[in-house]
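To keep things clear, I will list the structure first and then write my remarks on it.
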Amino acid sequence: MGFWSWGVVTLQNECPGNTLAYSSISFFYSPTVNDCPFFPLQIDYTGTEPSSPCNKCLNVSWDSSPPCTCTINFTLEHSFESNVFMYYGLSNFYQNHRRYVKSRDDSQLNGDNASLLNPSKECEPYRTNEDKPIAPCGAIANSMFNDTLELYRIDNDTRTPITLIKKGIAWWTDKNVKFRNPTGDGNLTALFQGTTKPVNWPKPVYMLDSEPDNNGFINEDFIVWMRTAALPTFRKLYRLIERKNNLQPTLQAGKYSLDIAYNYPVHSFDGRKRMILSTISWMGGKNPFLGIAYITVGSICFFLGVVLLIIHHKYGNRNTSADIPN
Amino acid sequence: MVFKVPSNPNHSVSSFLFRRCAVAACAGEEKRVGTRTVVVGHRPVSETDAYVAQKFCDNRIVSSKYTLWNFLPKNLFEQFRRIANFYFLIIFLVQVIVDTPTSPVTSGLPLFFVITVTAIKQGYEDWLRHRADNEVNKSNVFIVENAKQVQKESEKIKVTVNGEVRLLSLKLVGRGRCVVRAGGGMSCPGELTHYAVRDTTVLCTDEAIDALTATIECEQPQPDLYKFVGRIIIYRSNQEPVARSLGPENLLLKGATLKNTKKIYGVAVYTGMETKMALNYQGKSQKRSAVEKSINAFLIVYLCILLSKATVCTTLKYVWQSNPFNDEPWYNEKTKKERETFKVLRMFTDFLSFMVLFNFIIPVSMYVTVEMQKFLGSFFISWDKEMYDEEIKEGALVNTSDLNEELGQVEYVFTDKTGTLTENSMEFIECCIDGHKYKDCISEVDGFSQTDGPLKYYGKAEKSREELFLRALCLCHTVQIKEADQVDGLIGHPEHRYTYISSSPDEIALVKGAEKYGFTFLGLENNFMKIRNQKNEMETYQLLHVLNFDPVRRRMSVIVRTTTGKLLLFCKGADSSIFPRVQQEEIQQTKVHVDRNAMDGYRTLCVAFKELTQKEYDKIDRQLNEAKMALQDREEKMAKVFEDTEADMHLIGATAVEDRLQEQSAETIEALHAAGMKVWVLTGDKMETAKSTCYACRLFQTSTELLELTAKTVGESERKEDRLHELLMEYHKKLIQDVPKNRGGLKRSWTLSQEYGLIIDGSTLSLILNPSQDSSSSNYKNIFLQICLKCTAVLCCRMAPLQKAQIVRMVKNTKGSPITLSIGDGANDVSMILEAHVGIGIKGKEGRQASRNSDYAVPKFKHLRKLLLAHGHLYYVRIAHLVQYFFYKNLCFILPQFLYQFFCGFSQQPLYDAAYLTMYNICFTSLPILAYSLLEQHINIDTLTADPQLYMKVSDNAMLQWKPFLYWTFLGAFEGLVFFFGVYFLFQNSSLEDNGKVFGNWTFGTIVFTVLVFTVTLKLALDTRFWTWMNHFVIWGSLAFYVFFSFFWGGVIWPFLKQQRMYFVFAHMLTSVSTWLAIILLIFISLFPEILLIVLKNIKEKSHQVRNKIIRKVPDSLSARPSVRPLLLRTFSDESNVL
């Protein structure tokens, strides 16, 4: 029975208050339907459909300024009670392509001054630009996600911005050990002297953020991007929405709008872009796979257990009866 | 080249001494053809006789393969000649040259590991050989140089003498005869007597030897240990040169030790690598086991899988890339170099890259693990306490570790009789003189013992005939006397002042038998044999000639001169060889006794004599000497003289000598039968003797129907071929055509139907194998083989050694090439031991030749049971499991990597980190399987030994057939799919951590890898039936090491790595609860089929046991019934003498 109860616990955690049967069914709903409050909310803002507000930005290029902006309105049926995590998701983006994965210089990112000015050959063809070493070099850094997403709550036609926290989204070890700014005196601008920005970036790495502990190589958006995804459809943590107090849910049910500064072209490779809002339990995000798998395996085990028990019982009878004639 | 051999009983290595080495050969002749001439003392025979001092091979013995300088290149070269190693070298080179997904380290390190381990093993073995060589080469020798003895190191001398020694002279015990004990590298049967040439026996000092002028002509080096043909020509001043013949009895082999002689002088005729012993070392061919063939077949399958995987990926890559935004999206541009290479070249390098990525599917470490398993595993045989024999203070010996698993696959057992099934310790039982039986009664059962001696007469022959018979027994032999104070021989009697030494235990039994009747042989002195007769008088006889025993003639004779001047020839031998040579009317009375004795399982010998006139003797003497001098066809000439001499004799009587069965040989044969093996007895003995022994050791049961193809049934006439044809057809019909064909499924369970036994003798066999001109009879062999294969037991008697090997070869080459095993103890079994797949030697009384040439040597026949049923079975199961497991674990290792290509744009992105790729086979999963393959006992050893039926379960290479292979492959594929897609679905989740952070591709790989390592290790744990602390240690230790290593590997920023991919990946992975749940679930799912199978098997077994319980009640009572004792009960017990 062990697996049986595990399955129940798992599901209850994912969708409390609902019955087991309901949870199983909810798996088959399309992801945009937002019946269960813990189910992540996904908004595709690629803009391939002509009706989409972002359709105008579809063929945006890297250096368009001012950036193309678009706004998508959506309704939240259920409120998000606990902390909400905001992700961006890309599809058909091969971050796990071999040429892409290896196109980075970890010692440069670790603050090694020699590598800063002489990046690894693996970074080719994003190693140097106009005879100046690129910092950070490589294809991964060069293609860093640079859409800006802002969330507003629409309450009686007033747009209240929702505070999005941009720190605490990267692994602690990455932020504090693996990624280091170059060492030396002076501000970041001086430290990155002699390098040039990645080709696709509008501004150099030392201008990624105004806060010094989130600037340069230790910018968390940058660190998150640098952790290459396992599959061509992936999401990355973008912002955190913290619950302010115990009285109000983090995000009440109601109308919201998503403002997008559309910089990142995905249409050229048939990609998609999504914004995802999700809450997370003690065992991570909502994961139907584990629940289903545990339930299935548990039931099979239970069924087989019963069958074998019956066989054993029958066989046990045979055993005793076999002894009698002797 | 004269040297002296001092005897030192405490040292087995003799020291040799010689002077001015001079070996000359007839130049221009082919090696091993023609003769070589050795000039004694490097002294030209005459001024005219100029010879070319040819450079001969020196006396350094080199059995080692490498030297310090060439070890590395030569060893590497030899190792890379192995397909698997070469393949990995190629992969490594590809990785170095081409831009491949994994660094060269990933395949270079395991390859280096494998090569190093193998090199260390081979280096160690070679070091041992070097040490042994040095011991021989550095030993001191004494050389006669200018009439003085000089001590020199054997190796330092230009042409050294460590070789065969020809006896020239004997000192101290100058009886012209010396006993040499097999020691060191020598392996002739026990102790042999060697003789010096008569003309040189007087040369007993250094000076005398130095003055000798002589040449020796002999054959070129030949590997045959028992053949030597040569001639010594002694030049004396003012005299005609004297020529004397040299035979094997004049030749000392390398490594021989003197036994009862203090020192001898000798001439070296063969040196160094040309000695007969050295030539014999080389002839041994490598035997390969059936398992290795299976491995190669599987390897080819996996190579095909690998190639098709790489082809599929390359093709799909280019299909996928035909879409420009897939080929080169804006975020991932190609380098300039990549863009400029030709497409064909790019495709080729892509193909190679995929090969490199998937190359781990071919298990690199399997060969080294198999080798280690065999090497270490063979110790278990030599350590086995149950195979330790108290008598000879030795256990089993493993000469080759390559064939361990073959012991579990044996289908045919060919066994020698004497010394293998029987003990080869002879006891004189009775004799008959002129048809009157004389039987010993030592026991006091017979209350009234007679006054005139310890004999009980069943009727009496004439006194003179009795005495003649006993004298014949005393004289007709080659037994030596050894003083009792240095009891060291095999047959030691504490109550005697002396012991008898002989190469044949029969002779000793006969001499002792004669002693019981009052005639005691007192030894040989200066060619005079001394006998004490019944009246305690001394009789002396001059020994004129010994016509040695040989297996073809099957008899031996001596010619002696009595003190009165009468010349007598005594001959003893097998009845078949004696009867045709005696007066026909004498045969009948004796024949009755001989036949009855043979039926009782005794070895019988007939004794005959003949008086020679001086004239006859002179003729014989001349003929013998002529034949002995011949360099060409000496054997034939000798045989002819012997044939002529031993004719028209008078039969005196016959003897019966008992050769007791070895303990438990009957039980062993029964067990081998029950295990589905067919046991063939190949013996040189007479049919009746062999047959009764076969009954005694239950090779034939009373229910067995015997088919006979012997001289008796076939007949002697010229019609024998027709008769043979008739018989063959009849048997063939009986066995093959009449038997219903529905026994297909029960290949080995003949116990249900009528059992057949076949008896065939040597002459009939040669008739079958070498038919005369008639072409229609050429298919005899086929029919005969078919008959043989249908019989449960086959007895081949009167076999020559070569015929034994012929039979083994015949069976070995039949359809399905069954695995054959030969077991024997004597030199005559060597050919069949070498011929069979597995050769087993018995460390018996007939010397060490058999055990030296064997693959395994055991002290007793009964040990065969445990060796095959327990050790063989276990070794087979272990190695089969090892092989299958290796392929399985590498398949489920690489399959996720292959599947990942579909999700990373076929870009050859590795799923696992390089460290994991490298360490998987050499660290994380290597030791548990090695421990398993050394220690596993899926069934208890005692059960295996007790229940021979279990042996059939692994027969026909059952665990390495395609079916189990497919099972393992599917299991591996299933698990690979579970690993990959399980984690794939897990990663559909937005986040796996409770703080919303995301995992990357390296975490993906690490989760898969963790599940993989745990699953394959736990799978092995599930398979393990026999847990020792070592299994626990390596299994849990490996897992702990994996976890520890992962933490360590990810815990440090390694300065030598270009990318810090794994930094804290493992630790982060473990902080996620979902990951834990997923890992546990996936491991469970992967092992689920296995667990289910075990449960089902248990149920089946239990119900089987219950059924067996009912059934077993019946056979229990059957087997408890006293087995029908065959004709000779006495062979089983010591009371036999009372009967």
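When reading the values below, keep in mind they use all heavy atoms of this one structure, side chains included, and skip hydrogens, waters and symmetry mates. By convention in this document, chain letters (A, B, ...) are assigned in the order of the sequence lines, proteins followed by strands, and residues within each chain are numbered from 1.
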Report task. Go through the atoms of Ala293(A) and report whether side chain, backbone, both or neither lie under 4.5 Å from a heavy atom of chain B. Result ->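 Contact with chain B: backbone and side chain both.
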Requested in this report: Could you look at Leu304(A) and say if it's the side chain, the backbone, both or neither that has a heavy atom under 4.5 Å from chain B?
Outcome: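 Interface part for Leu304(A): side chain.
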Query raised in the report: Do the side chains of Phe93(A) and Pro329(B) get nearer than 4.5 Å, heavy atoms only?
Result: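 Result no, sub-4.5 Å side-chain heavy-atom pair not found.
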Requested in this report: Indicate yes or no: at least one non-hydrogen side-chain atom of Asn96(A) is less than 4.5 angstrom from one of Phe1004(B).
Outcome: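 Of all side-chain heavy-atom pairs linking Phe1004(B) with Asn96(A), none is under 4.5 Å.
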Taking the six-membered ring for Trp and the single ring otherwise, decide whether the centroids of [X] and [Y] are under 6.0 Å apart.
| X | Y | answer |
| --- | --- | --- |
| Phe289(A) | Phe985(B) | yes |
| Trp330(B) | Tyr100(A) | no |
| Tyr331(B) | Phe269(A) | yes |

Among [options], which has the most heavy-atom pairs under 4.5 Å with chain B?
| options | answer |
| --- | --- |
| Gly271(A), Ala170(A), Ser120(A) | Ala170(A) |
| Asp105(A), Val177(A), Asp112(A), Val224(A) | Val177(A) |
| Glu124(A), His97(A), Arg227(A) | His97(A) |
| Gln95(A), Arg99(A), Glu122(A), Arg104(A) | Arg99(A) |

Query raised in the report: What is the distance from atom CZ of Arg1061(B) to atom NZ of Lys178(A), rounded to the nearest 0.5 Å?
Result: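 It comes to 10.0 Å.
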**Report entry** Spacing of CG belonging to Leu308(A) relative to CD1 belonging to Ile1099(B), to within rounding of 0.5 Å
**Finding:**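 Reported to 0.5 Å precision, the distance equals 4.5 Å.
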Report task. Name the orientation class of the two ring planes belonging to Trp171(A) and His1068(B) (parallel below 30°, tilted from 30 to 60°, perpendicular beyond 60°). Result ->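 Plane angle under 30°, so parallel.
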May I ask you to decide if [Y]'s main-chain N or O and [X]'s side chain share a donor-acceptor pair within less than 3.5 Å?
| X | Y | result |
| --- | --- | --- |
| Asp106(A) | Gln1060(B) | yes |
| Tyr126(A) | Glu333(B) | yes |
| Tyr87(A) | Gly996(B) | yes |

**Report entry** Interface moiety of Lys336(B) toward chain A, non-hydrogen atoms closer than 4.5 Å
**Finding:**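 Neither the backbone nor the side chain of Lys336(B) comes within 4.5 Å of chain A.
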